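We use all heavy atoms of the structure for the numbers below, so side chains are in, but hydrogens, waters and symmetry mates are not. Quick caveat: nothing in here was measured; it's all calculated off a predicted structure.
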Amino acid sequence: MKERTTLKKTMKPHWVLAIALGSSVGWGAFVQPTNWMAQAGPLGVIIGMIIGALLMMVIAVSYGFLIKHYPVSGGEFAYAFIGLGRTHAFISGWFLTLGYICIVALNASALALMFKYVFPSFVQTYKLYEIGGWDVYVTEILIATIALLVFGYFNIRGSGLTGSAQFIFCFVMVASILVLFSMVSMSPTSGFENVQPIFHPELTTFGAIISIVAIAPWAYVGFDNVPQVAEEFNFSSKKAFGLIIFALTAAALIYSLLVITTVLPMPWLDVVNEQLIWGTGAVIKRELGVIGLIILTVALSMGIFTGLNGFIISTSRLLFSMSRAKILPQVFSKLHPKYQTPYAGIIFTVIIAMLAPWFGREVLLWVVDMSSIGVSIAYFYTCFTAYSLLQWSNKARNPHKQVAPVKKLFALTGALFSLIFIGLLLVPGSPAFLGIESRIALVIWVLLGLSFYLRKRKEYHAIPETELRYLVLGEENEAKEK
């Protein structure tokens, strides 16, 4: 039997923490505060984000358990295979792959949007066309493309380079946010009277908070990048759960700080009513001038860089794992002859993401809006698998299952939360119900996956179970002897 390809163990704990935190706090934390406040008001956003983080922590219990026992690339793809078999593994992997690529593409376009705001005369030249109400310019396509090529190159060069760069980006981002918050707090024109009303006056408090909670899978997506690099840990996989919890706590604090930083300088309802392209940027520029805008731009750039880097890493590892299991072409599980990285997955991710800026930001947002469903599906599979591997007591006397009633309860609760997230996005009348464009994109996504699976189904299911467990999980036993 052919030897299973594995990745080098180069990932240090603080690199993994930076991947989890940096990926969780992307461009949305800096660009979306005024949009979120239009839905829920400042306190509604903060409460919703904190509740969302707590729900993610419940789900993270299952991740911590599975990473500890199955430190392999592929994350949710591998977990779905353990819990429900190869068909469900493909479903989980398919949704995650496209969801991750969408986030890579959105971060690249967010970088172009930032340049468009800071240097409008430079970016808004050589207009190509309009699509979805969004003007597409040659310059913004070039900015997004160059960023993707640079990060693709860094990732091919190795996890040591990308891991250390991720930590630096993350550190600079957090430091910049703290400096901005301090400057705004000490400004004589800032005051808590600008936070009034604390909830949106035209919406119910419950509905406002729930509308923010519903986006938690999107807001905090990134902590689940940790299992994608578990095979590369150069430390005990037992530490993974603590790193995830720390990252989620820090992410919730950062989201809250950025909302407060946006509302302290001037009445938030006035800012919302202006319908600015970048509300937080406009507020900071008015309050702190060019210096404040530069610091915010640095923080946003670092948030975008950590998102680009983190999700390119995760997408390539997911493709690597699925290819190793023979559900994707073999090229994705080949390693670079010099740098020993899954270079084909990195190149594929970058090429697909490079197509996105040509379609305009509005069209891309329709796709990304429904990527929360894909992430929630992956959360469900992870929690369900953890639930199935744990038992309430030792009465069953199953030596292959761990007795951990509290973890089993958390796994069950996490699975239910995941289903609730999916329901909030798909049930008509829900405050987070997807728009028609996002639903169409979801149907296309599902049909593409179905057609691909039907083509590979016979070959995929012909692999003996012991061999597939060896390829996905590294379990040798009988498979190794073949």
Side-chain angles (χ1 to χ4, degrees), residues 11-30 32-33 36 42-68 75 166-167 169-182 185 209 212-230 233 235-262 299 302-303 306-307 310-311 314 375-376 379 382-383 386 406-407 410-411 413-414 417-418 421:
M11 283 287 178
K12 300 177 181 179
H14 61 285
W15 293 358
V16 174
L17 174 62
I19 288 172
L21 177 57
S23 301
S24 298
V25 182
W27 65 274
F30 302 91
Q32 294 290 84
W36 291 333
L43 189 58
V45 176
I46 292 171
I47 293 174
M49 284 297 181
I50 291 173
I51 292 173
L54 292 173
L55 297 183
M56 292 299 105
M57 289 179 189
V58 171
I59 292 171
V61 171
S62 297
Y63 276 90
F65 169 73
L66 290 171
I67 293 170
K68 177 183 174 182
Q166 185 81 358
F167 180 75
F169 294 152
C170 198
F171 178 82
V172 173
M173 177 185 72
V174 172
S176 301
I177 292 169
L178 292 175
V179 169
L180 270 180
F181 176 72
S182 300
S185 300
I209 293 173
I212 300 301
V213 173
I215 66 169
W218 175 85
Y220 292 106
V221 62
F223 81 86
D224 53 308
N225 284 347
V226 173
Q228 300 299 342
V229 296
F233 289 175
F235 57 93
S236 172
S237 56
K238 296 178 182 179
K239 294 181 179 180
F241 177 65
L243 295 175
I244 291 173
I245 295 300
F246 187 91
L248 286 170
T249 303
L253 179 61
I254 287 171
Y255 277 115
S256 299
L257 283 177
L258 285 167
V259 169
I260 296 170
T261 301
T262 304
M302 296 301 106
T306 54
F311 284 102
S314 292
V375 175
S376 298
Y379 291 164
T382 301
C383 293
V406 175
K407 288 182 180 178
F410 272 107
T413 307
F417 284 160
S418 302
F421 284 133

**Request:** Please report the C-alpha distance between V226 and F233 in whole Å, then the side-chain angles of each, then the deciding distance to 0.1 Å, and finally whether the side chain to side chain contact (heavy atoms under 4.5 Å, CB included) criterion is met.
**Result:** CA-CA 10 Å; V226 173; F233 289 175; 3.8 Å; yes
**Item:** Residues that F410 engages under side chain to side chain contact (heavy atoms under 4.5 Å, CB included), provided they are two or more places apart
**Value:** V58, V61, V406
**Asked** Can you name the closest pair of heavy atoms from M173 and I254 and give their distance?
**Response** CE-CD1, 4.5 Å
**Prompt:** Which value, rounded to the nearest 0.5 Å, describes the distance between M302 atom CE and Q166 atom CD?
**Reply:** 11.0 Å
**Message:** Could you work out, with side chain to side chain contact (heavy atoms under 4.5 Å, CB included) as the rule, every residue matching S24, not counting sequence neighbours?
**Reply:** F223, A251
**Prompt:** Any idea which heavy atoms bring I212 and G44 closest together, and the distance?
**Reply:** CG1-O, 4.1 Å
**Asked** I177 pairs by side chain to side chain contact (heavy atoms under 4.5 Å, CB included) with which of V172, L253, L258?
**Response** L258
**Asked** So, the side chain of Y379 versus the backbone of F421: is there a donor-acceptor pair under 3.5 Å, distance only?
**Response** no
**Prompt:** What pairs with K12 under side chain to side chain contact (heavy atoms under 4.5 Å, CB included), at least two apart in sequence or on another chain?
**Reply:** H14, W15, N234
**Prompt:** M11 versus I19: any side-chain heavy-atom pair under 4.5 Å?
**Reply:** yes
**Prompt:** Would you say D224 and T382 make side-chain contact, with heavy atoms under 4.5 Å?
**Reply:** no
**Request:** Can you measure from CG (L66) to CZ (F241) and round to the nearest 0.5 angstrom?
**Result:** 12.0 Å
**Message:** As an exercise, state the distance from CE of M57 to OH of Y63, rounded to the nearest 0.5 Å.
**Reply:** 15.0 Å
**Prompt:** Taking all atoms of both residues into account, what is the closest heavy-atom pair of G75 and P227, and its distance?
**Reply:** CA-CB, 3.8 Å
Tabulate below the donor-acceptor pairs under 3.5 Å that side-chain atoms of residues 45-53 make, not counting sequence neighbours, or state none.
none

**Item:** Minimum-distance pair of heavy atoms, taken over all atoms of S23 and N225
**Value:** OG-ND2, 3.0 Å
**Item:** Straight-line distance of F65 CZ to S237 OG, nearest 0.5 Å
**Value:** 11.5 Å
**Prompt:** Would you say F171 has more than 12 foreign heavy atoms packed within less than 6.0 Å of its CZ?
**Reply:** no
**Prompt:** Who are the side chain to side chain donor-acceptor pair (under 3.5 Å) partners of T262, not counting sequence neighbours?
**Reply:** T280
**Item:** Non-hydrogen atoms of I67 and A240 that approach each other most closely
**Value:** CG2-CB, 3.6 Å
**Request:** Would you please name every residue forming a side chain to side chain contact (heavy atoms under 4.5 Å, CB included) with L17, sequence neighbours left out?
**Result:** L243, F246, A247
**Item:** Considering all heavy atoms, the nearest S418-I59 contact
**Value:** OG-CD1, 3.9 Å
